[in-house]
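Notes to accompany the following structure.
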Amino acid sequence: MKLMVSARMLVAACGLVLAACARSPRTHEVAIRDFKFQPDTLRVHAGDTIVWRNYDFVPHSATADDRAWDSGSIAANQVWPRASFQSGQHPYYCVLHPNMRGVLIVD
Amino acid sequence: MNVYRKGWLALAALTIACAGGDEADEAEPTNEPAATAPAPAPAPAPQMGDAEVAHIAVTANTIDTEAGQQALTKASNAEVKQFAQTMINDHNGVNKEAAALAQRLGVTPADNTTSQQLKSDADRMKAELATKSGAEFDRAYIANEVVYHQAVLNALDQTLIPSAQNAELKALLEKVRPAFVAHLQMAQQLQTKLGQ
C-alpha cells in the first residue's frame, strides 16, 4: 500500500515538473533604431509575440515580403505587437525605407 | 558640372571652409620616432555656435520637405511620388524633434549666411524643376536628391556634428544621420531605375 502511494506521488511530481518545463509563449522585441531592425534576424517559437518598437524620429513599417502581414505605419515611439506567425522563415522590410530588412524565423 | 550639383555649393563650401586650412593634417605618415613627445593635439575650435548649427540643420530639413511637396504634385512615377512622401514625413519628423530640443535647451536657431545661401539655392532649384514635367521632372528631382543628401551628409560629418557643443544637439545630429544615409541610398537606387 505504502509503495503504491509513493509511486502515485512520484508520477504526480513528474507531472508537475513537466508542466513547469513546458514552454510558455514569450515576448520578443525588435528595436527599430537608426533605420535598422535590431536584431535583423530573430528566431522564435510559434505562439511567441514579437513587438516592433520604433525608436526613430520617423515612421517605419514591418512588412512581410509576401505581404502576408503588415504593420502599417509605426509612428515614432510606437509599437506593433503580433503573435500569430506560422512556422517558417519570414523575410520582411520597411515599406517606407525598403533598404531596411529583417528576417523572422519561427520554429 | 552637373546642374544639380550647383545648388548645394553652400553646403560644400561650408564643409571645405570649416575642415580645411590645417597643413599638419596633410603631413605624410611616418614611422620615425618623434624626437620629443608630441604635444596633445588641440581640439578643433568650433566653427559656429549651436544656434547656427541648429538653424542650418532645420533649414536643410525644411528644404527637402518643400522639394518633396513639389514632387508630389509634379512627379509622374509612382515610386518617385512615394519617395517624395517619405521625404516629407521623415524631414518633418526630424524638424519636430529639433524644435522640441531647441525649446528644451532654450536655444533659438540663429539665421546665418549658410542657411540663407541654402535657402536661395533651394529656391533656384525649385524654379528650375518647375519648368520640367513628366519623366524629365522625375529624373531631375531624383538627381537633385542624390546630390543634396550627399552634400548634407558631408556637412554633418565634417562640420555640423563636430561643431555642435551641446551634447543633446550633437546626439540629435548623430541620430539624424542614418536618415540621410537611407535617403541617399533610396535616391541612388531610384536614379538607377529611372536611368539618366
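Everything numeric here is computed off the predicted structure, so don't read it as measured data. Below, all heavy atoms of this structure are taken into account, side chains as well, without hydrogens, waters or symmetry copies.
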**Q.** Main-chain N/O of E128(B) paired to T131(B) side chain as donor or acceptor, under 3.5 Å
**A.** yes
Go through chain B and chain A and list any donor-acceptor pairs closer than 3.5 Å, backbone and side chains both.
{"residue": "D90(B)", "atom": "OD2", "partner": "H97(A)", "partner atom": "NE2", "Å": "2.6"}
{"residue": "K175(B)", "atom": "NZ", "partner": "Y55(A)", "partner atom": "O", "Å": "3.0"}
{"residue": "Q185(B)", "atom": "OE1", "partner": "N99(A)", "partner atom": "ND2", "Å": "3.3"}
{"residue": "Q189(B)", "atom": "NE2", "partner": "N99(A)", "partner atom": "OD1", "Å": "3.1"}

(Q) Could you report the tightest heavy-atom contact between I88(B) and L72(B), atom names first, then the distance? (A) CD1-CD1, 3.6 Å
Q) Among the clusters formed by ILVMFWY side chains lying less than 4.5 Å apart, do L194(B) and M186(B) turn up in the same one? A) yes
Q) Quick one: are F37(A) and L42(A) in side-chain contact, heavy atoms under 4.5 Å? A) no
Q) Which residues pass the side-chain hydrogen bond (donor to acceptor under 3.5 Å, both in side chains) test with E52(B), sequence neighbours left out? A) none
**Q.** Pair N112(B)-Q116(B), side-chain hydrogen bond (donor to acceptor under 3.5 Å, both in side chains): steps then yes or no
**A.** CA-CA 6 Å; N112(B) 56 82; Q116(B) 289 160 8; over 6 Å; no
